Chemist: 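Sharing a structure with you now.
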Amino acid sequence: MVDGEAIENVTDHPAFAGVARSAARLFDAADDDPEMQHIDPRLGPDPVNRVYALPLTQEGLAGRRKSIAKWAELTHGFLGRTPDHVGGIFAAYDLGADVFARGGQGYADNVRRFRKRIANESLYLTYTIIPPQDDRSKIGNEHAEPKQVHVVEERDDGIVLRGAQMLGTSAAIADYVYMTCLLPLNPGDEDFAISCVVPCGAPGLRWYSRTPYAVGKPSVWDYPLSTRLDETDSLAVLDNVFVPWEDVFVYRDIDILRAQTSETEFRTYGNSQAQIRLAAKLKFLIGLAYRMVESNNVVHLPGVQEKLGEIAALAAMVEGMVHAAEANAIVIDGAYVPAARFIHAPMALQADTYPRVLNIIRDLAGAGMIQTPSSVHDFTSLETADDVARYYSGANSDAVDRVKLFKLAWDAIGSELAGRHHQYEIFYSGPPFAMKMLNAQKYGYEEATALVDGFLDTYDMDTTVMDR
Ligand SMILES: Cc1cc2nc3c(=O)[nH]c(=O)nc-3n(C[C@H](O)[C@H](O)[C@H](O)COP(=O)(O)OP(=O)(O)OC[C@H]3O[C@@H](n4cnc5c(N)ncnc54)[C@H](O)[C@@H]3O)c2cc1C
């Protein structure tokens, strides 16, 4: 739903046509790249995209990372919920299928069957795993009239859901939504304790898109990211949506609902994709910053070098963490899982890292992103073309190249799309305090506390400096 109207065909609508084509290019790139394909007998005889892999070797884990990175580089990290995100989570669910089997073997079979479908059909999944924001001090039945998605009917062939759930990034162009509740529920909230997938076009499912940023832009040249990479975010509203049993993974069980994320590699697999993507995005932003200061001929100035040095350090740290997580992978039931410590550390700092990078680039840009003509038409109008060509050139570039660069920078740093990305990088995986708490749980204090205990053991009340 956009501007009060249901959209019949998203691929033709100005809000979604650009991003739909960008997403299609990802699938084409994967099909054309033998290094992104592999055969996994557990999934079937045909090659499947490595972004969905559950690697059984260290090389396989590296192959997964390289494939995710290729996709991230094609969109410069500006599509957060590419199919490798939720697709990767289902690989983790396959590994942790025993958790779902606690409700009955059928639920584990459902998870594994659906994960095979994701890989073999290259499905595009989004997820809505948080109740809509209203009174955050309450959950489930603590609300007088709960809005959160819940079961309203159980049938022989499936269940019926009603309510709303936030916030389906890329839902407009996805095949399926994975719907569950990540927030802890109370006993008595069983109707909210569901985990399932629903086709994005299922009867009764309505998607309320936020304001689309691709609409009303003068040209791709003026807003190259907004017009082509606005994945949009939508509230899911379910009006008696039927879900067949084979698409249900957790049913009315609060403990299993919590365990599906806390006792599987849900976060490691999902967030490793997120950090591989962030590394690509930060690299792109540094490239932008460098080209801007080059255009202003200030690269060599010490103050500029200091700022470039800081954002380069932040980007290199995220990139380094991706590699550290891979190099220190642990093996669970034969599957290689990136080390949680090195995935969750950059996640915990991301609410500071990303705004810091944006802030430094704003600093480096000065008003350059604002001192741009109103649109591409100023270059072609006889009334304005001469002035624009003369007064908008850079230290080493003509006006077309300079304005093109600074307009891209504005779309990455300052436009409405950029503001949404600022918010996205802070919140996409939960509020910042929760990310820091997660890191506290995942760090693993054994080594650190052993160091302290070992040191404490080296002296007692009688020890002197002469003792060895
Ligand atoms: C651009 C964007 C895209 C998103 N895409 C998706 C998506 O694809 N799928 C999806 O499921 N979700 C998505 N989300 C939603 C995301 O999961 C939530 O933003 C996140 O879980 C936080 O929930 P909230 O936004 O309601 O913030 P809140 O949880 O309300 O937090 C806001 C602030 O309130 C305070 N606060 C709230 N509760 C507490 C508490 N218990 N203790 C301490 N402080 C508290 C904190 O200061 C916090 O920073 C997206 C969000 C954004 C911004």
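Indexing begins at 1, ligand by ligand and atom by atom, following the structure's order. Nothing here was measured: the structure is a model prediction, and the numbers come from that model.
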Chemist: Relative to the heavy atoms of T169, which atoms of ligand 1 are at a distance of less than 4.0 Å?
Modeler: 3 (C), 4 (C), 5 (N), 6 (C), 7 (C), 8 (O)

Chemist: Check ligand 1 against Q133 and write out every atom of the ligand that is under 4.0 Å from a heavy-atom position of the residue.
Modeler: 24 (P), 25 (O), 26 (O), 27 (O), 28 (P), 30 (O)

Chemist: Counting non-hydrogen protein atoms only, what is the nearest one to atom 17 (O) of ligand 1? Give residue, atom name and distance.
Modeler: I130 CG1, 3.5 Å

Chemist: Under 4.0 Å between a side-chain nitrogen and a carboxylate oxygen: does that hold for R42 and D94?
Modeler: no

Chemist: What is the nearest protein non-hydrogen atom to atom 48 (C) of ligand 1, stated with its residue, atom name and distance?
Modeler: P431 CB, 3.9 Å

Chemist: May I ask you to check whether Y424 has an N/O atom sitting below 3.5 Å from an N/O atom of ligand 1?
Modeler: no

Chemist: Between R228 and D411, does at least one N-O distance fall below 4.0 Å, as a salt bridge requires?
Modeler: no

Chemist: Relative to F100, does R115 satisfy both conditions: NZ or CZ under 6.0 angstrom from the six-membered ring centre, and within 45 degrees of the ring's axis?
Modeler: no

Chemist: Flag atom 25 (O) of ligand 1 as yes if some protein heavy-atom distance to it falls below 4.0 Å, otherwise no.
Modeler: yes

Chemist: Just jot down the ligand 1 atoms closer than 4.0 angstrom to any heavy atom of T128, in number order.
Modeler: 11 (O)

Chemist: Can you report which non-hydrogen protein atom sits closest to atom 11 (O) of ligand 1, along with the distance?
Modeler: I129 N, 2.9 Å

Chemist: Whether R341 and E447 form a salt bridge (side-chain N of Lys/Arg under 4.0 Å from carboxylate O of Asp/Glu) is what I want to check.
Modeler: yes

Chemist: Protein heavy atoms: any of them under 4.0 Å from atom 33 (C) of ligand 1?
Modeler: no

Chemist: Less than 4.0 angstrom from a charged side-chain N to a carboxylate O is my criterion; do R113 and E246 meet it?
Modeler: no

Chemist: Below 4.0 angstrom, counting only protein heavy atoms, does anything approach atom 4 (C) of ligand 1?
Modeler: yes

Chemist: Is there a polar contact between ligand 1 and P432, counting only N or O atoms under 3.5 Å apart?
Modeler: no

Chemist: List the closest protein heavy-atom neighbour of atom 21 (O) of ligand 1: residue, atom name, distance to the nearest 0.1 Å.
Modeler: G430 CA, 3.5 Å

Chemist: On a heavy-atom basis, I'd like to know which of Y127, Y178, F427, Y428 is closest to atom 18 (C) of ligand 1.
Modeler: F427

Chemist: Does only the side chain of D233 get under 4.0 Å from ligand 1, or the backbone, or both, or neither? Count heavy atoms.
Modeler: side chain

Chemist: Under 6.0 Å between the ring centres of Y354 and H421?
Modeler: no

Chemist: Considering only the protein, which heavy-atom contact is closest to atom 50 (C) of ligand 1, and what is its distance?
Modeler: L167 CD2, 3.8 Å

Chemist: For the pair E231 and R420, find out whether any cationic side-chain nitrogen is under 4.0 Å from an anionic carboxylate oxygen.
Modeler: yes

Chemist: Taking NZ, NE, NH1 and NH2 as the nitrogens, is one of them in R252 or E154 under 4.0 Å from a carboxylate oxygen of the other?
Modeler: no

Chemist: May I ask you to identify, for M166, whether its side chain, its backbone, both or neither come under 4.0 Å of ligand 1 on a heavy-atom basis?
Modeler: both

Chemist: Pull out every atom of ligand 1 sitting under 4.0 Å from any heavy atom of R136, numbered as shown with elements.
Modeler: 24 (P), 26 (O), 28 (P), 29 (O), 30 (O)

Chemist: For ligand 1, is any non-hydrogen atom under 4.0 Å from F433's backbone (N, CA, C, O), its side chain (CB onward), both, or neither?
Modeler: side chain

Chemist: Would you mind checking if D239 and R206 are paired as a salt bridge, meaning a charged N to carboxylate O distance below 4.0 Å?
Modeler: yes

Chemist: For the residue pair Y443 and Y445, is the inter-centroid distance of their aromatic rings smaller than 6.0 Å?
Modeler: yes

Chemist: With respect to M36, which candidate in K70, R64, K66 satisfies the side chain to side chain contact (heavy atoms under 4.5 Å, CB included) definition?
Modeler: K70

